Amino acid sequence: MRNAKSKIKSREELQLLLAGAKRHGKRIVFANGCFDTLHVGHVRYLSSAKEQGDVLVVGVNADSSAGRLKGPGRPILNEHARAELVAALRDVDFVVLFEELNVEKLLEELRPDVHAKGTDYTAESVPERAVADRLGIRVAIVGDPKDHSTRALLDSIRKAPHD
């Protein structure tokens with residue numbers, strides 16, 4: 001079994017690895033998120049994303065973009081911890097950190113076959129939809145209904161009685 005850290009790649013490394021995988025007929029799926037305090041909804045999203053192809057690449061927001069997207073006090077875990085947790089999941093083949101607020105540039109660089117987004121999106125509301133369409137990348141809405149969230153988890157922890 002591979003060490004989780006060995007699945008974390010630079011953008012340049014990934015471009016080479018994915019080009020080789022495509023030459024061998026592998027379908028590349030790309031998913032992304034902040035993954036701040038991993039929960040069951042994340043696991044189901046990534047498992048469902050993996051079903052869309054052969055190689056699952058997960059973009060994890062760097063601390064700078066996660067903070068801008070999630071607000072004060074976030075992320076809870078630093079980018080390296082979040083990337084390693086995501087990489088430790090069986091369905092995940094590679095992880096890449098990114099600082100942008102969306103993954104348009106990563107889609108341009110990596111050219112996956114499928115861009116998987118969670119059920120909090122619709123095909124029309126995916127922020128990178130225009131780029132995916134232009135590049136011929138299929139957008140797939142995957143995972144279970146958005147009944148789980150890091151914000152709700154953190155709220156329940158804050159409200160729990162303390163010893």
Side-chain angles (χ1 to χ4, degrees), residues 2 4 6-62 65-66 68-70 75 77 79 81-153:
R2 291 190 295 173
S6 71
K7 293 182 182 182
I8 303 169
K9 303 295 183 186
S10 71
R11 292 161 94 127
E12 295 77 19
E13 288 175 304
L14 261 182
Q15 286 176 310
L16 293 171
L17 289 165
L18 298 181
K22 282 186 168 200
R23 280 193 302 275
H24 288 96
K26 303 289 186 187
R27 289 185 48 77
I28 311 301
V29 180
F30 180 81
N32 68 282
C34 291
F35 303 101
D36 194 10
T37 66
L38 200 60
H39 58 71
V40 70
H42 292 136
V43 174
R44 291 173 182 165
Y45 161 55
L46 295 174
S47 177
S48 186
K50 176 69 176 206
E51 292 172 1
Q52 301 294 312
D54 304 303
V55 177
L56 177 59
V57 178
V58 181
V60 174
N61 288 83
S65 59
R68 286 182 293 183
L69 290 167
K70 299 298 182 178
L77 300 174
E79 62 193 46
R82 292 182 289 114
E84 189 172 344
L85 282 168
V86 170
L89 296 174
R90 178 185 62 236
D91 290 316
V92 175
D93 295 294
F94 300 110
V95 171
V96 62
L97 287 164
F98 69 99
E99 296 194 7
E100 298 89 350
L101 292 177
N102 67 46
V103 294
E104 289 177 345
K105 190 171 179 188
L106 269 174
L107 292 177
E108 294 263 5
E109 293 171 6
L110 303 179
R111 304 288 174 114
D113 299 292
V114 180
H115 179 33
K117 295 296 272 189
T119 57
D120 45 336
Y121 292 93
T122 65
E124 296 75 33
S125 71
V126 170
E128 307 85 14
R129 182 69 198 216
V131 170
D133 286 347
R134 180 171 50 78
L135 297 172
I137 299 168
R138 182 172 65 82
V139 173
I141 305 300
V142 301
D144 63 350
K146 182 104 170 143
D147 296 335
H148 321 280
S149 76
T150 299
R151 181 165 282 115
L153 176 62

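What you see is a predicted model, and the numbers here were worked out from it, not measured in a lab.
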Please list, one pair per line, the donor and acceptor atoms closer than 3.5 Å that link side chains of residues 22-30 to other protein atoms, with sequence neighbours excluded.
{"residue": "Lys22", "atom": "NZ", "partner": "Arg111", "partner atom": "O", "Å": "2.3"}
{"residue": "His24", "atom": "ND1", "partner": "Gly20", "partner atom": "O", "Å": "2.8"}

*Rounded to the nearest 0.5 Å, what separation is found between the CG atom of Leu16 and the NZ atom of Lys9?*
11.0 Å

Which pair of heavy atoms, one from [X] and one from [Y], lies closest together, and at what distance?
X	Y	answer
Ala31	Ala49	CB-CB, 4.3 Å
Ala66	Arg82	CB-NH2, 4.0 Å
Lys70	Cys34	CE-SG, 3.8 Å
Arg138	Ala140	NH1-CB, 3.6 Å

Under 3.5 Å donor-acceptor, [X] side chain and [Y] backbone:
X	Y	result
Lys117	Val139	no
Tyr45	Thr119	no
Ser48	Val142	no
Arg44	Gly143	no

Any side-chain heavy-atom pair of [X] and [Y] under 4.5 Å:
X	Y	result
Pro75	Phe35	no
Val57	Pro112	no
Thr122	Ile141	no
His115	Asn32	yes
Asn61	Asp36	no

*Return the set of residues passing salt bridge (charged side-chain N to carboxylate O under 4.0 Å, His left out) with Glu79 (not counting sequence neighbours), or none when no residue passes.*
none

*Name all residues meeting the side-chain contact (heavy atoms from CB on, under 4.5 Å) criterion together with Val43; count only those two or more places apart in sequence or in a different chain, and write none if there are none.*
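Val43 satisfies side-chain contact (heavy atoms from CB on, under 4.5 Å) with Leu89 once adjacent residues are dropped.
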
*Considering residues at least two apart in sequence or located in another chain, which fulfil the side-chain hydrogen bond (donor to acceptor under 3.5 Å, both in side chains) criterion with Asp91?*
Ser47

*Sequence neighbours excluded, which residues qualify as side-chain hydrogen bond (donor to acceptor under 3.5 Å, both in side chains) partners of Glu84?*
none

_With salt bridge (Lys or Arg N to Asp or Glu O under 4.0 Å) as the rule and sequence neighbours excluded, what pairs involving residues 46-56 come up?_
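Every pair satisfying salt bridge (Lys or Arg N to Asp or Glu O under 4.0 Å) with a residue in residues 46-56: Lys50-Asp93.
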
Please list, one pair per line, the donor and acceptor atoms closer than 3.5 Å that link side chains of residues 94-110 to other protein atoms, with sequence neighbours excluded.
{"residue": "Glu100", "atom": "OE1", "partner": "Arg11", "partner atom": "NH1", "Å": "3.2"}
{"residue": "Glu100", "atom": "OE2", "partner": "Arg11", "partner atom": "NH1", "Å": "3.3"}
{"residue": "Glu100", "atom": "OE2", "partner": "Arg11", "partner atom": "NH2", "Å": "3.1"}
{"residue": "Asn102", "atom": "OD1", "partner": "Glu104", "partner atom": "N", "Å": "3.0"}
{"residue": "Glu108", "atom": "OE2", "partner": "Arg134", "partner atom": "NH1", "Å": "3.4"}
{"residue": "Glu108", "atom": "OE2", "partner": "Arg134", "partner atom": "NH2", "Å": "2.2"}
{"residue": "Glu109", "atom": "OE1", "partner": "Arg11", "partner atom": "NE", "Å": "2.8"}
{"residue": "Glu109", "atom": "OE1", "partner": "Arg11", "partner atom": "NH2", "Å": "3.4"}
{"residue": "Glu109", "atom": "OE2", "partner": "Arg11", "partner atom": "NH2", "Å": "3.4"}

_Quick one, Leu46 with Val58, criterion side chain to side chain contact (heavy atoms under 4.5 Å, CB included). Give me CA distance, side-chain angles, the key distance, then yes/no._
CA-CA 8 Å; Leu46 295 174; Val58 181; 3.7 Å; yes

